[in-house]
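Working notes for the structure below.
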Amino acid sequence: MGLQLSSLELESLRQDCVLEVPNHSDVQILGKTVKAVFGSSWREHLCEGSVVEGKVNPGSPAVLIISSSALRCIHLLRGFRSFTKQCHAAKLFAKHLKLHEQISLLKNRVNIAGGTPSRIKKLIDAEALDLSRLQVLVLDLHPDVKGYSLLTLPQVRDEFLEVFKNYFYEAMIQGGLRICLYGLKDKHKQGHTVPDT
């Protein structure tokens, strides 16, 4: 990305901030990897459908997916289908969905949400999307047919970097948020498996 980080900034990025996905293209493996983060309480965080006063605020996902397009969000949300039967995943992008409809949707419990940087920022600014319960941020880095991704498509990249810096970076370096880089190809890590939990 060409970003310059000082040694102090690099030291703050602990190894456990990043959640590795063994298979870069299987959305089912992505779902299992994220599920493992929550351990034995995964049902409470990912499946339950009721708001719990003082514990689970409306519109406060435990998992948030950020992608460069609506189609990519929908694709990644498929990996979480088994968790979202009681509490549907929130789709937070502009394609076919109006902002006021999403604000209304976020007045309910949300465990898993996926969206584009621009719409996510608008929903945070409107105080509809609450980040207090967020534990896993999935960044979809898979390139599209033209080779662009969340970090290389100019306008989307700029919007993402602004949102990340303002809303996610501090939580990540303090250890309350894990970042999952999904879609990166790493030849050295192929062949690893994720246990069923």
Side-chain angles (χ1 to χ4, degrees), residues 12 14 16-19 27 30-67 70 72-74 76-140 150 159-182 197:
S12 68
R14 300 190 330 257
D16 62 352
C17 293
V18 178
L19 177 63
V27 293
L30 172 64
K32 288 179 183 178
T33 302
V34 170
K35 174 185 168 185
V37 169
F38 296 92
S40 61
S41 64
W42 67 270
R43 274 194 177 84
E44 178 185 330
H45 291 282
L46 302 176
C47 300
E48 294 295 327
S50 302
V51 171
V52 180
E53 195 169 326
K55 190 174 178 185
V56 180
N57 296 328
S60 61
V63 177
L64 179 62
I65 299 165
I66 302 182
S67 197
R72 284 296 304 167
C73 285
I74 291 168
L76 267 64
L77 287 171
R78 286 185 186 126
F80 296 92
R81 247 188 212 149
S82 62
F83 311 132
T84 58
K85 291 176 181 139
Q86 288 183 353
C87 183
H88 295 293
K91 297 172 185 165
L92 310 177
F93 42 78
K95 190 174 187 108
H96 306 301
L97 299 167
K98 301 208 180 306
L99 184 65
H100 69 85
E101 292 170 339
Q102 290 167 333
I103 289 172
S104 181
L105 171 75
L106 290 170
K107 290 180 179 171
N108 301 307
R109 177 162 175 162
V110 174
N111 297 324
I112 300 166
T116 54
S118 176
R119 183 53 59 98
I120 287 170
K121 181 182 183 315
K122 285 179 183 171
L123 290 164
I124 293 170
D125 291 345
E127 298 181 358
L129 182 60
D130 178 0
L131 304 176
S132 62
R133 199 168 70 100
L134 188 63
Q135 292 185 45
V136 178
L137 180 67
V138 178
L139 305 181
D140 177 23
L150 181 66
E159 290 169 341
F160 166 72
L161 290 174
E162 180 186 349
V163 168
F164 184 80
K165 181 181 77 172
N166 292 331
Y167 301 108
F168 303 114
Y169 177 74
E170 193 65 34
M172 183 188 75
I173 62 170
Q174 290 179 2
L177 178 64
R178 296 191 65 189
I179 307 296
C180 177
L181 305 175
Y182 179 79
T197 52

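Start at 1 with the first residue, then count along the sequence.
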>> Checking His45 against Gln135 for the side-chain contact (heavy atoms from CB on, under 4.5 Å) test, could you report, in this order, the C-alpha distance in whole Å, the side-chain angles of both residues, the deciding distance, and whether it holds?
In response: CA-CA 10 Å; His45 291 282; Gln135 292 185 45; 3.5 Å; yes
>> For the CG atom of Leu150 and the CD1 atom of Ile65, what is their distance to the nearest 0.5 Å?
In response: 12.0 Å
>> With heavy-atom distances below 4.5 Å as the criterion, would you say the side chains of Leu46 and Thr84 are in contact?
In response: no
> Can you name the nearest heavy-atom pair linking Val63 to Val138, along with the distance?
Replying inline: CG1-CG2, 4.3 Å
> Within a reach of under 6.0 Å around NE2 of His100, are more than 12 heavy atoms found that belong to other residues, nucleotides or ligands?
Replying inline: yes
> Between Cys73 and Gly114, which heavy-atom pair has the shortest distance, and what is it?
Replying inline: SG-C, 3.8 Å
> Are Leu139 and Phe160 close enough, and set up right, to give a side-chain contact (heavy atoms from CB on, under 4.5 Å), and what steps lead you there?
Replying inline: CA-CA 10 Å; Leu139 305 181; Phe160 166 72; 3.5 Å; yes
> Any idea which heavy atoms bring Gly59 and Val110 closest together, and the distance?
Replying inline: CA-CG2, 4.1 Å
> How far does CD1 of Ile103 sit from NZ of Lys122, to the nearest 0.5 angstrom?
Replying inline: 10.5 Å
>> Among residues at least two apart in sequence or on other chains, which ones pass ring-ring contact (aromatic ring centres under 6.0 Å, His included) with Phe80?
In response: none
> If you look at every heavy atom in Leu77 and Ala89, which pair is closest and at what distance?
Replying inline: CD2-CB, 3.9 Å
> Any donor and acceptor pair, going by atom type alone, linking the side chain of Arg109 with main-chain N or O of Ser50 inside 3.5 Å?
Replying inline: yes
>> Using modelled atom types and a 3.5 Å cut-off, is there a donor and acceptor pairing between side-chain atoms of Arg119 and backbone atoms of Leu97?
In response: yes
> Between Val136 and Leu177, what is the shortest heavy-atom contact and its length?
Replying inline: N-CD1, 3.8 Å
> Would the number of heavy atoms belonging to other residues, nucleotides or ligands and lying under 6.0 Å from CZ of Arg78 be above 12?
Replying inline: yes
> Is the shortest distance from a Lys or Arg side-chain nitrogen in Glu48 or Lys55 to a carboxylate oxygen in the other one below 4.0 Å?
Replying inline: no
> Do Phe93 and Arg72 come within less than 4.5 Å of each other through their side chains, counting heavy atoms only?
Replying inline: no
> With side chains defined as the heavy atoms from C-beta onward, is the minimum distance between Met172 and Phe164 less than 4.5 Å?
Replying inline: yes
> Rounded to the nearest 0.5 Å, how far does CG of Leu92 lie from CG of Leu123?
Replying inline: 5.5 Å
>> Can you list everything that forms a salt bridge (charged side-chain N to carboxylate O under 4.0 Å, His left out) with Arg133? Sequence neighbours excluded, please.
In response: none
>> With a 4.5 Å cut-off on side-chain heavy atoms, are Asn108 and Val51 touching?
In response: no
>> Could you walk me through whether Cys180 and Thr33 satisfy the side-chain contact (heavy atoms from CB on, under 4.5 Å) test, starting with their C-alpha distance in whole Å, then the side-chain angles of each, then the deciding distance to 0.1 Å, before giving a yes or no?
In response: CA-CA 9 Å; Cys180 177; Thr33 302; 5.6 Å; no
> Between atom CG of Leu161 and atom CG of Asn166, what is the distance when rounded to the nearest 0.5 Å?
Replying inline: 10.5 Å
> Going from SG on Cys87 to CD1 on Ile112, what distance comes out if it is rounded to the nearest 0.5 angstrom?
Replying inline: 8.0 Å
>> Would you say that more than 12 heavy atoms from the other residues, nucleotides or ligands in this model lie under 6.0 Å from the CD of Glu53, or not?
In response: no
> Under the criterion side-chain contact (heavy atoms from CB on, under 4.5 Å), which of Asp125, Leu131, Leu129 is the partner of Ile120?
Replying inline: Leu129
> Would Cys47 and Trp42 count as a side-chain contact (heavy atoms from CB on, under 4.5 Å) if you check the C-alpha gap in whole Å, the side-chain angles of each, and the deciding distance to 0.1 Å?
Replying inline: CA-CA 8 Å; Cys47 300; Trp42 67 270; 3.5 Å; yes
> Which heavy-atom pair separates Leu134 from Ala62 by the least distance, and what is that distance?
Replying inline: CD1-O, 3.6 Å
> How far does CD of Glu44 sit from CG of Asn111, to the nearest 0.5 angstrom?
Replying inline: 10.0 Å
